[in-house]
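To keep things clear, I will list the structure first and then write my remarks on it.
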There are 2 protein chains.
Amino acid sequence: MESMANGVTTQTLTEVVADHLRRLIHLGEVGPGDRLPAERELAEQLGIARLSLREALKTLQNDGYVEVRRGARGGTYVTELEVPVARWRARMRTVSGEFDDIIDFRIGLETETARLAAARRAPEDLAAVRATIEDLTVAHDRTAFRLADSRFHASLARAARSSRLGAAVESTRAELFNTHDLLPFIDPVQESVDDHETVFRAVEKGDVDAAAAAMRDHIEHTRTQLRAIVFATEPPSPESFGTTVS
Amino acid sequence: MESMANGVTTQTLTEVVADHLRRLIHLGEVGPGDRLPAERELAEQLGIARLSLREALKTLQNDGYVEVRRGARGGTYVTELEVPVARWRARMRTVSGEFDDIIDFRIGLETETARLAAARRAPEDLAAVRATIEDLTVAHDRTAFRLADSRFHASLARAARSSRLGAAVESTRAELFNTHDLLPFIDPVQESVDDHETVFRAVEKGDVDAAAAAMRDHIEHTRTQLRAIVFATEPPSPESFGTTVS
DNA sequence: TACAAAGGTACAAGGTCTATACCTTGCACC
DNA sequence: GGTGCAAGGTATAGACCTTGTACCTTTGTA
């Protein structure tokens with residue numbers, strides 16, 4: 001019965017809430033400069049006591065995700081995320097194999113998502129995916145690009161009619177940090193837009209193998225870009241996004 | 001900020017422990033007739049108080065997973081799982097799309113696992129996979145078959161050098177319940193052995209596409225078999241496994 | 001300068017987990 | 001058929017976590 005010799009523990013509410021909020025930041029649902037709802041309000045939204053939320057915010061504050069200001073214009077604001085990004089880079093460099101492990105996992109999830117989307121696409125799904133690509137094309141700042149990119153993958157998962165794939169894709173994106181906040185140049189952004197279009201056309205045609213292959217290529221591009229960022233000698237500078245930083 | 005309007009909660013230790021044990025049963029790590037360690041011992045292994053464990057066992061007892069006997073030959077024994085299996089079947093029939101959703105997810109995970117295993121296999125990985133197939137071939141009762149099957153997929157994930165894929169494969173197998181406890185006839189078992197061998201040969205040759213395709217076929221066979229079981233008019237009878245029931 | 005909107009602090013009530021001690025059941029063996 | 005003993009069954013006190021409520025402090029702005 002050696003198989004059950006693991007330790008089991010519970011997370012405190014504080015930890016759960018901190019994870020939840022961190023995840024929203026990683027996913028780009030809220031980004032640098034954004035203000036979270038007031039503590040009392042957010043606590044009510046989440047269905048928890050204010051103290052529990054406050055402790056979670058304290059954790060995020062210590063980890064450099066948010067800063068808290070008091071007074072009339074006060075509130076909890078998402079930072080530029082320099083500290084968390086630096087930590088994430090350090091971890092990806094240090095923990096051997098983790099970086100590629102995450103990318104490999106994403107490839108498995110997203111190629112199958114693309115394949116199913118190509119097989120099952122309905123007209124309204126295609127329209128939704130196309131809309132996210134248009135958003136991506138006209139995105140002029142990090143926030144817009146980030147959201148459009150998230151929505152592309154989410155709408156594809158919806159077209160694939162697979163809730164588990166969709167959820168896993170989202171989790172994995174969260175683990176990879178919100179990558180487009182790191183991309184320093186316009187070129188990989190343009191490449192990314194092209195990739196998305198290639199995937200979309202294959203899905204539109206209903207060509208399952210082409211859709212899977214295009215998605216695989218896209219994520220391999222991501223792997224290359226991210227690897228360059230993670231293992232670069234100079235840290236990335238958020239200001240150098242494209243030419244029109246907000 | 002509507003994106004954060006979800007409720008967050010903690011699980012009690014009791015719930016965590018119950019989930020943990022249920023998972024072990026679903027995965028077949030412990031099967032019908034097996035006795036769990038004594039409460040005091042198991043509590044210590046898990047690093048929790050005995051009362052917390054007892055409450056978890058109470059839950060499993062109510063759900064029909066285990067029965068508790070007192071006295072010298074007392075202890076906690078895994079049942080024949082008739083009640084949980086019946087509930088699982090009912091759920092798969094009722095919740096529209098969930099059955100196929102799980103299978104689709106498995107296909108994404110396991111085809112990529114097979115692909116990576118074929119690309120990265122080392123001699124000792126191949127030996128480990130081959131050993132599980134031999135165990136499978138000579139398995140004469142449900143327990144042996146179940147464990148060998150679990151180990152096949154686990155050893156393949158190890159050959160693929162992807163811990164995330166391995167973990168996700170295992171989680172998904174747990175969600176599908178331990179399927180071979182349900183299989184009523186010897187034929188699908190033989191088919192399953194053949195499938196495993198086909199996957200293995202492709203992995204051995206290093207043919208990534210063939211490995212992925214063979215795995216896809218295997219899981220599609222599983223889909224067909226399970227669908228028959230889930231939507232059968234008569235409930236499955238555990239006694240009819242092969243010809244040599246333990 | 002006073003107000004309002006936000007965060008900061010304090011505290012009591014209730015729930016959960018742990019540790020420990022002790023009771024009860026019932027097979028095995030003399 | 002009684003006794004040992006390995007299990008499960010029960011009770012309780014203390015530590016810790018979560019909640020709800022009330023009140024204080026900071027700071028921009030009218």
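Just so it is clear, the values below take in all heavy atoms, side chains as well, and ignore hydrogens, waters and symmetry mates. Lettering of chains follows the sequences in order, A, B, ..., and the numbering in each one begins at 1. Values in this document were obtained by computation on a predicted structure and should not be read as measured data.
- Rounded to a whole Å, the CZ atom of B:R70 is 12 Å from the C1' atom of D:dA6.
- In summary, contact between chain B and DNA chain C, defined as any nucleotide atom under 4.0 Å from a heavy atom of the protein, begins and ends at C:dC17 to C:dA28 in the 5' to 3' direction.
- Close to D:dT29, at under 4.0 Å from its OP1 or OP2, lies a side-chain N or O of A:R73.
- Here the P atom of nucleotide D:dG14 and the CG atom of B:L51 are 17 Å apart, to the nearest Å.
- Evaluated for a side-chain contact (heavy atoms from CB on, under 4.5 Å) with B:V17, the options B:L42, B:L46, B:L57 yield exactly one hit, B:L46.
- Checked against salt bridge (Lys or Arg N to Asp or Glu O under 4.0 Å), A:R87 has no partners two or more places apart in sequence or in another chain.
- Residue A:R40 is classed as a base contact, given a heavy-atom separation below 4.0 Å to a base.
- Residues A:D104 and B:S162 have side chains that never bring a donor and an acceptor to within less than 3.5 angstrom of each other.
- Here D:dA7 presents its P atom at 11 Å from CZ of B:R50, a figure rounded to the nearest Å.
- Both A:A49 and B:G71 lie close to DNA chain D; mapped to their nearest nucleotides by heavy-atom distance, the more 5′-ward contact belongs to B:G71.
- A salt bridge links A:E175 with B:R164; the closest basic N to acidic carboxylate O contact falls under 4.0 Å.
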Run the side-chain contact (heavy atoms from CB on, under 4.5 Å) test on B:T59 and B:D63 for me, step by step, so that the C-alpha distance in whole Å, both residues' side-chain angles and the decisive distance to 0.1 Å come before the verdict.
CA-CA 6 Å; B:T59 305; B:D63 291 351; 4.0 Å; yes
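- Each of A:E41, A:E44, A:E39 was compared with A:R50 under the salt bridge (Lys or Arg N to Asp or Glu O under 4.0 Å) criterion, and only A:E39 meets it.
- Rounded to whole Å, atom C1' of D:dA6 lies 15 Å from atom CZ of B:R69.
- Of the residues near DNA chain C, A:Q61 and B:A72, the one whose nearest nucleotide (by heavy atom distance) lies more toward the 5' end is A:Q61.
- If you measure from atom CD of B:E41 to atom C1' of D:dA7, you get 11 Å, rounded to the nearest angstrom.
- Here D:dG20 presents its P atom at 15 Å from CD of A:E55, a figure rounded to the nearest Å.
- Because its NZ or CZ atom is not both nearer than 6.0 Å to the ring centre of B:F99 and within 45° of the ring axis, B:R227 does not count as a cation-pi partner of that residue.
- Atom pair B:R35:CZ and D:dA6:C1' shows a separation of 9 Å (rounding to whole Å applied).
- The phosphate of D:dC17 (OP1 or OP2) has no side-chain N or O of A:T14 nearer than 4.0 angstrom.
- What separates CZ of B:R54 from P of D:dT12 is a distance of 16 Å, to the nearest Å.
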